Protein chains: 2
Amino acid sequence: MDLFDEQGFENVTVEQVAAEVGISARSFHRYFPAKEDAVIVEPVGWGEVVRERFAARPADEPVWDGLRAAYESLLATPGRDEARGKRAMRVLGSTPALRARNLEKHLLWARLLTPLVADRIGGSDATLRAEAIVQASLGCFDIALAAWATDTTGADPKVLLRVAFDALTALREDRLP
Amino acid sequence: MDLFDEQGFENVTVEQVAAEVGISARSFHRYFPAKEDAVIVEPVGWGEVVRERFAARPADEPVWDGLRAAYESLLATPGRDEARGKRAMRVLGSTPALRARNLEKHLLWARLLTPLVADRIGGSDATLRAEAIVQASLGCFDIALAAWATDTTGADPKVLLRVAFDALTALREDRLP
DNA sequence: GCCGCAATTGTCAGAGTCTGACAGGAATGG
DNA sequence: CCATTCCTGTCAGACTCTGACAATTGCGGC
């Protein structure tokens with residue numbers, strides 16, 4: 001991560017990273033199928049966490065609130081190094097290839113959440129509408145994290161997440177320009 | 001596109017594609033910086049179209065309606081071959097690398113639209129909220145297109161787009177599970 | 001302490017994507 | 001008809017990623 005942050009993700013070869021930690025390039029690819037995965041970290045595991053967290057929410061709670069609560073549980077992970085997290089997000093946001101890989105991770109999350117949401121909202125076109133809602137919520141999560149990483153005022157990520165989520169519930173009444 | 005559809009995107013080499021159309025692999029990469037760009041088609045140009053279309057909307061219209069109208073103008077492109085479009089979407093959805101590249105295109109669109117939306121909605125945290133709204137709208141667009149591509153009942157893409165957009169304006173009142 | 005077993009790692013070779021440099025041919029304009 | 005410019009092909013190279021095989025390490029039983 002040091003190398004990526006200093007020289008830029010694309011300007012660092014796998015061989016450099018491997019040499020830095022004293023392994024061969026081949027071993028690097030055994031741990032990380034792709035170079036990008038070294039900074040994205042474990043797509044599946046956290047997706048499961050979000051899914052379970054959302055599934056545990058009360059059935060009569062609006063889905064939008066439940067989704068936000070599920071994401072908040074990720075933000076609140078205690079063993080989280082603030083500076084390290086921000087740097088990872090910064091590296092992630094600086095390279096197209098990384099952003100793309102990150103978005104793919106979210107597609108995976110979406111596949112986990114959509115059926116749950118579809119069940120809750122019901123009605124016609126339930127899956128299509130559920131996909132829209134899940135996708136939107138993931139977008140809010142992404143945006144809040146990005147805002148948090150580039151923020152210098154020490155804002156609380158939960159507050160940013162709430163602002164993003166509220167922006168969409170307010171869609172209906174913004175008749176004003 | 002024929003080759004990609006039959007054999008799968010990853011199982012077709014650039015050299016095969018180049019040979020098929022009678023050029024060298026080097027020339028292929030002059031037209032398409034990356035292999036994925038051969039199926040994604042012109043990220044920038046259409047993004048500009050959406051931006052202009054949205055900018056031309058009346059200032060007192062709700063942004064959500066304006067965004068939907070902007071995307072509709074893409075769907076309504078007259079010279080659009082239905083079958084070809086669906087096949088492209090199918091190929092696109094079948095390969096992770098392509099999905100990722102497609103999402104990146106949408107990030108580019110988001111950068112074009114966000115400042116316009118931020119201007120219209122105003123208030124505190126305008127850019128953060130604008131990002132959430134634009135991201136959500138792009139998600140709806142994506143989902144509607146994917147649903148259209150896999151749909152066998154001949155549904156109108158505009159209707160699917162509307163359903164997706166409406167799913168988010170209805171967020172507030174879904175108190176029901 | 002020694003041996004067999006399994007897991008981890010390194011080395012080697014290869015396919016595939018993408019880029020830069022250079023040269024030849026085709027089209028365009030005077 | 002020539003000169004300039006554009007397009008293309010060839011060549012060479014860097015890089016990511018994968019498969020096959022050998023070497024190493026760690027561990028439990030004897």
Side-chain angles (χ1 to χ4, degrees), chain A residues 1-47 87-108, chain B residues 1-47 87-109 111:
Chain A
M1 200 65 87
D2 284 336
L3 288 174
F4 290 155
D5 200 12
E6 291 163 11
Q7 308 181 27
F9 180 77
E10 322 214 64
N11 301 324
V12 180
T13 70
V14 169
E15 225 149 337
Q16 283 178 265
V17 178
E20 187 74 23
V21 295
I23 63 173
S24 72
R26 188 64 184 89
S27 286
F28 175 94
H29 277 114
R30 273 193 259 263
Y31 289 111
F32 307 109
K35 183 182 168 189
E36 290 87 358
D37 295 327
V39 33
I40 298 291
V41 293
E42 209 205 357
V44 182
W46 284 20
R87 187 178 53 173
M89 284 297 301
R90 201 162 355 109
V91 172
L92 200 155
S94 67
T95 305
L98 281 174
R99 282 198 303 268
R101 203 75 162 199
N102 193 45
L103 291 176
E104 270 213 84
K105 172 186 70 177
H106 282 196
L107 280 185
L108 206 148
Chain B
M1 201 63 87
D2 284 337
L3 289 174
F4 290 155
D5 199 12
E6 290 163 13
Q7 307 182 26
F9 180 76
E10 321 214 65
N11 301 324
V12 180
T13 69
V14 168
E15 225 149 334
Q16 283 177 267
V17 178
E20 187 73 25
V21 295
I23 63 174
S24 70
R26 187 66 184 87
S27 285
F28 175 94
H29 277 114
R30 274 192 259 262
Y31 288 110
F32 307 109
K35 184 182 167 189
E36 290 86 358
D37 295 326
V39 34
I40 298 291
V41 293
E42 209 204 357
V44 182
W46 284 21
R87 189 177 52 175
M89 284 297 301
R90 199 158 2 105
V91 173
L92 200 155
S94 67
T95 307
L98 282 174
R99 282 197 304 267
R101 203 75 162 201
N102 191 46
L103 291 175
E104 271 214 84
K105 172 186 70 176
H106 282 196
L107 279 183
L108 207 148
W109 290 17
R111 269 196 285 281

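Since this is a predicted model, take the numbers as computed values, not measurements. Letters A, B, ... mirror the listed sequences (proteins, then strands); counts begin at 1.
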Inset, instruction - With rounding to the nearest 0.5 Å, note down the distance linking CG in B/Leu107 to CG in B/Asn102. - result: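 Spacing of CG (B/Leu107) from CG (B/Asn102) equals 10.5 Å.
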
Legend entry - Close side-chain approach of A/Arg87 and A/Asp2, heavy atoms under 4.5 Å: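 When only atoms from C-beta onward are counted, A/Asp2 and A/Arg87 do touch, with a gap below 4.5 Å.
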
Legend entry - Any pair counted as salt bridge (Lys or Arg N to Asp or Glu O under 4.0 Å), so long as it reaches residues 4-14 of chain A, sequence neighbours left out: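 Sorted result for residues 4-14 of chain A: A/Asp5-A/Arg90.
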
Legend entry - Residues in salt bridge (Lys or Arg N to Asp or Glu O under 4.0 Å) contact with B/Arg30, at least two apart in sequence or another chain: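 Salt bridge (Lys or Arg N to Asp or Glu O under 4.0 Å) check on B/Arg30 returns nothing, list empty.
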
Every protein N/O lying under 3.5 Å from an N/O of nucleotides 5-7 of chain C:
none

Inset, instruction - Return the residues of residues 8-21 of chain B meeting this criterion: a heavy atom under 4.0 Å from some atom of DNA chain C. Order them by number, or give none. - result: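 Output list: B/Val12, B/Thr13, B/Val14.
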
Inset, instruction - Could you identify which residues of residues 25-35 of chain B place a heavy atom less than 4.0 Å from some atom of DNA chain C, listed by residue number, or say none? - result: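 Only B/Arg26, B/His29, B/Pro33, B/Ala34, B/Lys35 qualify.
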
Legend entry - Derivation of the side chain to side chain contact (heavy atoms under 4.5 Å, CB included) call for B/Val17 and B/Phe4: CA-CA 9 Å; B/Val17 178; B/Phe4 290 155; 3.9 Å; yes

Please set out all donor-acceptor pairs under 3.5 angstrom arising from side-chain atoms of residues 92-100 of chain A, sequence neighbours excluded.
{"unit_1": "A/Ser94", "atom_1": "OG", "unit_2": "A/Val91", "atom_2": "O", "d": "2.7"}
{"unit_1": "A/Arg99", "atom_1": "NH1", "unit_2": "A/Gly93", "atom_2": "O", "d": "2.6"}

Inset, instruction - With sequence neighbours excluded, tell me which residues meet side-chain hydrogen bond (donor to acceptor under 3.5 Å, both in side chains) with B/His106. - result: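 B/His106: side-chain hydrogen bond (donor to acceptor under 3.5 Å, both in side chains) contacts with B/Asp142.
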
Inset, instruction - Check every nucleotide of DNA chain D for an atom under 4.0 Å from a heavy-atom of chain B, then give the first and the last such nucleotide from 5' to 3'. - result: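 The contacted stretch runs from D/dT8 to D/dT10.
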
Inset, instruction - Before giving the answer on side chain to side chain contact (heavy atoms under 4.5 Å, CB included), spell out for B/Phe28 and B/Val21 the whole-Å C-alpha distance, their side-chain angles and the decisive distance to 0.1 Å. - result: CA-CA 10 Å; B/Phe28 175 94; B/Val21 295; over 6 Å; no

Test side chain to side chain contact (heavy atoms under 4.5 Å, CB included) applied to [X] - qualifying residues, sequence neighbours left out:
X: B/Gln7; value: B/Leu3, B/Val12, B/Gln16
X: B/Ala88; value: B/Met1
X: B/Ala34; value: B/Glu36, B/Asp37, B/Arg101

Legend entry - Contacts of type ring pair (Phe, Tyr, Trp, His ring centres under 6.0 Å), residue A/Tyr31, not counting sequence neighbours: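 Once residues adjacent in sequence are excluded, A/Tyr31 has no partner under the ring pair (Phe, Tyr, Trp, His ring centres under 6.0 Å) criterion.
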
